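I have placed the structure first, in the form of structure tokens, so that the comments after it can refer back to it.
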Amino acid sequence: MDYTRQELMAIATGRELRDGELAIFGVGLSMLAGYFAQKNHAPNLMAFTEGGVFGSTPVGGLPWGIEDNRISANATSFTNAIDALCVLVASGRCDVGIIGAAQIDKYGNVNTTGIWAGETPWQAGRYVLPRVRLNGSGGANEIAIGCKRYIIMAAHEKKRFADKVDYISSPGYINGGHDRQKYGFPGGGPSAIITTLGILRPDPVTKEFYLDAYFPFSSIEEIKDNTGWDLKVSPNVKVVPEPTEQELKNLREVDVTGSLRKK
Amino acid sequence: MDYTRQELMAIATGRELRDGELAIFGVGLSMLAGYFAQKNHAPNLMAFTEGGVFGSTPVGGLPWGIEDNRISANATSFTNAIDALCVLVASGRCDVGIIGAAQIDKYGNVNTTGIWAGETPWQAGRYVLPRVRLNGSGGANEIAIGCKRYIIMAAHEKKRFADKVDYISSPGYINGGHDRQKYGFPGGGPSAIITTLGILRPDPVTKEFYLDAYFPFSSIEEIKDNTGWDLKVSPNVKVVPEPTEQELKNLREVDVTGSLRKK
Amino acid sequence: MRNKLITMQEAVAKYTWDGMTYAHGGALPVGSDSIAFGREMVRQGRKNLNLISNCNTQQSNLLAAVGAIKRIEVGFAGLEVYGFANGLKRAIETGQTIAEDYSNGAIPLRFLGGALNWPFVPAGGIMVGCDQQWCSGDNPDEYPATNKMPEITDPFTGRKVAVFSVAKPDVAAIHVTMADIYGNAIMLGTEWSRYELSRCAKKVVLQADFIVDTDCMRQYPNLVRIPGEVVDAVVYWPLGVWPQCSVGVYDSDEEHMFAMNAAFKTPEGTEEYVQKYVLSYNTREEYLAMIGKEKIEKITNNPTTFLMDPYRKWIKSDDEIKELEGRAE
Amino acid sequence: MRNKLITMQEAVAKYTWDGMTYAHGGALPVGSDSIAFGREMVRQGRKNLNLISNCNTQQSNLLAAVGAIKRIEVGFAGLEVYGFANGLKRAIETGQTIAEDYSNGAIPLRFLGGALNWPFVPAGGIMVGCDQQWCSGDNPDEYPATNKMPEITDPFTGRKVAVFSVAKPDVAAIHVTMADIYGNAIMLGTEWSRYELSRCAKKVVLQADFIVDTDCMRQYPNLVRIPGEVVDAVVYWPLGVWPQCSVGVYDSDEEHMFAMNAAFKTPEGTEEYVQKYVLSYNTREEYLAMIGKEKIEKITNNPTTFLMDPYRKWIKSDDEIKELEGRAE
């Protein structure tokens with residue numbers, strides 16, 4: 001079948017969402033994945049954006065931002081950031097969220113703030129300037145602390161999958177184990193990391209992410225080679241099912257402009 | 001001239017309001033006094049209610065409540081209670097407010113919660129039930145702590161003007177002097193108590209209310225007789241000017257149903 | 001999203017129970033409130049309620065009058081220009097209902113804090129230094145009370161500041177002017193604290209004057225301050241705020257406001273009122289007949305009706321609604 | 001209420017100054033923001049700004065690119081699908097701009113806390129346990145930072161909870177879809193944090209796509225989330241969010257979004273952009289001519305325009321507006 005890694009990543013992410021859930025998507029890939037799920041198998045998924053755009057579906061292709069006209073054309077309610085991010089998400093009320101990551105570590109902590117050349121703040125004991133400044137957490141921090149579970153999407157490259165991220169923008173399981181409880185987060189933490197190569201899930205006790213499944217075109221070895229820590233592999237490791245024709249059709253109807261088809 | 005005590009009380013209260021001020025009125029008498037001022041001499045008075053009804057004037061007579069149709073028919077904005085009472089009033093942003101009182105003391109503290117038969121809570125050291133349960137503070141507490149200044153309207157009767165109120169629902173100057181600063185209230189406190197007999201104002205230092213002016217049909221003696229503490233009288237005590245014809249006309253246009261004309 | 005339109009009887013049976021923490025909304029004492037929902041609670045005999053009323057209305061006045069309120073957290077206990085709320089006043093004075101007093105700003109802040117899942121909400125000076133801080137109905141023997149509004153130290157200035165506990169009622173019944181079958185709702189007039197209430201309650205039931213098509217929401221999404229995402233059930237009950245007013249739809253019934261409140265002065269008057277105005281109808285049609293055609297004409301002809309004009313074309317007919325009620329998911 | 005309609009030049013001259021704390025609003029990176037106001041700030045040479053951006057937009061990107069931002073508090077520093085914001089990225093990486101990072105929920109909570117005049121605002125877990133809590137741009141030598149999100153003890157449970165400082169910018173320039181001359185304003189699309197911003201800023205200037213008659217507000221008072229009571233000045237600037245989008249009015253200009261951001265990669269590109277798109281016009285007419293008729297036709301024909309339909313009859317003509325601008329009080 002003809003599909004891209006990005007398309008399978010979006011479909012695999014969409015498969016994590018269930019009908020009737022209250023869900024928040026970030027911009028870009030995660031939004032496509034979410035609306036794909038709504039179109040494909042979860043028609044009663046209640047989706048909203050961090051701007052408080054409720055009840056809408058994208059019109060004319062991938063929205064440039066989570067409040068632009070492509071997502072605002074058929075909304076049933078417009079509220080605001082506090083309503084969406086704090087009242088519905090950080091409060092612990094939202095079932096599921098999807099976020100992206102520039103850098104991610106074995107406990108699912110996400111860095112979207114900066115890449116340091118030499119010493120990171122936690123190594124240097126001071127907040128030195130990053131070599132590459134990224135975007136900051138946006139609303140991903142609220143999703144990470146508050147959603148009952150959330151899914152992280154990331155391109156599977158060694159430089160992105162670090163033993164320890166340079167900077168925690170949005171918390172996964174911090175240092176693993178019961179760390180989230182220590183900080184009092186209402187949400188349950190990341191339930192999966194879905195990459196361009198496969199699916200990682202957290203160990204129920206240690207919360208270290210292990211390889212749960214790989215894509216048909218990938219392999220355990222390729223994934224281990226592209227992971228910056230010694231990735232454990234599930235004894236029941238699976239191959240992610242290929243997209244069905246129906247799934248691909250539905251995804252491409254959401255991704256009108258074909259942004260995921262660029263390999 | 002033919003006017004009632006209540007009418008002069010409303011007019012004297014209205015005279016305290018200045019053009020261009022941001023003002024909040026309670027229900028009943030205080031609302032009539034406020035809208036009288038807007039009609040009479042303060043056309044740019046920006047009035048709102050504790051429900052967040054902005055830019056309106058009463059239609060068809062005294063509103064039965066501060067959100068009923070008589071005050072909602074020509075509003076320019078409807079927001080909400082937190083916006084009006086907390087964001088605009090308790091914050092210290094509102095210039096002036098008007099509240100009523102069931103019982104009031106020499107430091108301008110207002111009781112609208114209950115009248116005790118025997119020992120009050122502060123005497124008993126416990127919260128015994130009141131003999132007569134009143135309405136509670138409503139939004140008057142926010143007006144009392146937050147407005148830059150506020151005006152109290154009350155029927156001048158000995159049982160209402162107490163040395164110390166049974167229960168402080170809305171703070172005046174508490175125990176006088178700098179007590180408001182001690183509690184960190186952003187607002188300046190009550191600037192006047194306007195009664196059915198005259199006008200009381202706070203001493204700049206002690207904050208004890210003294211008699212500043214009496215109504216043409218009243219007297220210093222009548223007022224002292226109807227006050228439950230030894231009321232001091234200003235050496236410059238004045239007679240409150242009678243309502244002008246224009247004032248009465250404007251008040252009665254606001255008080256369509258003539259609720260203040262009942263003597 | 002699922003069709004949430006159910007009948008009033010079903011809604012009260014499913015979403016209320018004895019001993020629950022119930023909040024009603026609620027635009028101040030004489031405005032929009034889910035009063036018909038409260039009548040149905042009396043019909044179904046609910047009791048021992050822990051009520052959160054930003055303001056008393058004729059709903060809480062009725063529930064108190066029949067002795068259904070064990071405890072009330074309230075910002076204003078009266079009926080504004082209509083006077084004291086006799087049912088609630090009597091219940092508090094006789095000790096049947098424990099009153100925990102707050103101000104009208106404090107209650108919605110406590111809703112907001114609940115909506116945000118905060119551990120407490122800063123008081124910002126509200127109720128500080130007053131008997132409302134020092135008198136606690138829950139803890140009458142402690143004066144000044146220390147736990148109703150405990151003090152903490154502001155870490156930025158070192159100053160002491162008081163905070164409130166947050167509110168998370170089990171169920172809120174909220175009056176809205178218009179709702180679609182999914183629970184997207186538009187309020188006309190002040191929201192009062194209905195926005196915050198719709199977010200802090202564990203379950204939310206809407207009582208709507210009109211059921212409208214979702215196209216109305218898509219034309220006016222900025223008016224939909226309560227999206228269906230936070231709503232559990234929708235009930236259609238025309239003139240459901242009567243005898244109070246619903247901005248844009250009907251005015252107060254001044255005559256009934258006074259009569260109802262006068263009845264609540266005594267248990268006997270209350271019993272008579274309940275027989276006549278609470279137990280006397282079963283359907284919406286019977287309810288409207290009870291109010292009377294003449295009265296309805298009078299109160300629906302008022303200076304705010306133009307506010308409804310933009311939305312009339314989306315209003316669903318009673319027949320459509322009946323069919324939709326049968327298909328709730 | 002007074003007529004507050006003034007020209008863009010007057011508004012920027014009167015309400016902005018070097019070294020001020022300025023906040024712009026602001027519906028996320030690529031939506032409604034007062035970008036024309038920011039262009040005029042560059043035209044008038046403002047510098048040393050302490051900026052509060054719930055999100056970066058092309059306004060903060062431009063101000064950062066020209067070196068006008070000394071410090072920024074920001075929740076999201078990019079341009080969503082358009083990529084990194086090159087002007088702001090360059091300013092932070094070179095150390096010209098100090099970045100104090102917050103999340104997208106934290107900034108509006110800090111606005112809300114400022115609006116409520118609270119001493120602090122509870123974090124509710126936001127940013128806790130993250131480098132956003134521990135890294136402070138203002139205090140880079142302290143890691144973990146203790147004063148950016150200090151901890152206090154919840155008096156109800158004894159648990160440690162973190163709080164934020166509140167925000168009270170000197171001036172906020174806020175984009176709205178419609179305003180009347182008194183400052184009553186309607187936003188279409190997400191408010192994002194514009195409601196909170198309009199209440200926490202010491203002065204508020206509105207930049208409106210349309211000036212409408214106050215009758216529009218009286219028909220739709222529930223849409224007027226920013227009443228004139230909190231507004232100091234109103235500026236009419238059509239297509240003032242360009243190249244970003246204003247829901248109901250115009251779409252993003254995708255081509256210019258990329259070109260503008262590409263220009264900000266270097267000081268030279270920025271200089272060229274400023275010459276061509278910031279200093280090249282003086283009037284609204286010249287501004288529109290700069291965007292170009294064809295482009296305007298393209299972006300004003302978009303799937304959200306029906307959202308403006310109910311309000312068109314109240315829109316004031318350019319001639320009426322010019323006359324009203326001359327009569328501001």
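If you're wondering where the values come from, they're calculated on a predicted model, not measured in any experiment. Just so it is clear: chains get the letters A, B, ... in the order the sequence lines come, proteins before strands, and each one is counted from 1.
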With respect to chain C, which residue among [options] yields the maximal number of heavy-atom pairs within a distance under 4.5 Å?
options                             : result
B:Pro171, B:Gly136, B:Ala81         : B:Ala81
B:Leu29, B:Leu85, B:Val89           : B:Leu85
B:Val59, B:Thr49, B:Leu134, B:Asn74 : B:Leu134

Would you say the side-chain atoms of [X] and [Y] include a donor-acceptor pair closer than 3.5 Å?
X        : Y        : answer
B:Glu142 : C:Ser103 : yes
C:Gln132 : B:Ser137 : yes
B:Trp64  : C:Glu80  : no

Do [X] and [Y] have side-chain heavy atoms sitting under 4.5 Å apart?
X        : Y        : result
C:Thr190 : B:Thr79  : no
C:Ser252 : B:Asn69  : no
B:Cys86  : C:Ile126 : yes
C:Tyr195 : B:Asn80  : no
B:Glu50  : C:Phe76  : no

Between [X] and chain C, with a heavy-atom cut-off of 4.5 Å, which part of the residue counts as in contact: side chain, backbone, both or neither?
X        : result
B:Thr113 : side chain
B:Phe185 : side chain
B:Arg131 : backbone
B:Val128 : neither

Which bit of [X] comes within less than 4.5 Å of chain B, counting heavy atoms only: side chain, backbone, both or neither?
X        : value
C:Cys135 : both
C:Ser136 : backbone
C:Asp101 : side chain
C:Tyr250 : backbone
C:Glu254 : side chain

Roughly how far apart are [X] [atom1] and [Y] [atom2], rounded to 0.5 Å?
X        : Y        : atom1 : atom2 : answer
C:Ser32  : B:Asp68  : OG    : CG    : 10.5 Å
C:Leu79  : B:Asn135 : CG    : CG    : 8.0 Å
C:Asn104 : B:Asn141 : CG    : CG    : 9.5 Å

Among C:Arg225, C:Glu191, C:Glu93, residue most engaged with chain B (heavy-atom pairs, under 4.5 Å):
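Sorted descending by pairs with chain B, the first entry is C:Glu93.
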Please say whether more than 12 non-hydrogen atoms of neighbouring residues, nucleotides or ligands are located less than 6.0 Å from NZ in C:Lys70.
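Atom NZ in C:Lys70 is packed in, count exceeds 12.
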In terms of heavy-atom contacts, does CD of C:Glu255 have more than 12 from other residues, nucleotides or ligands at under 6.0 Å?
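Counting neighbours around CD of C:Glu255, 12 or fewer heavy atoms of other residues, nucleotides or ligands fall under 6.0 Å, so no.
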Which heavy-atom pair separates B:Arg133 from C:Lys89 by the least distance, and what is that distance?
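In terms of heavy atoms, the two residues are closest at O-CE, 3.0 Å.
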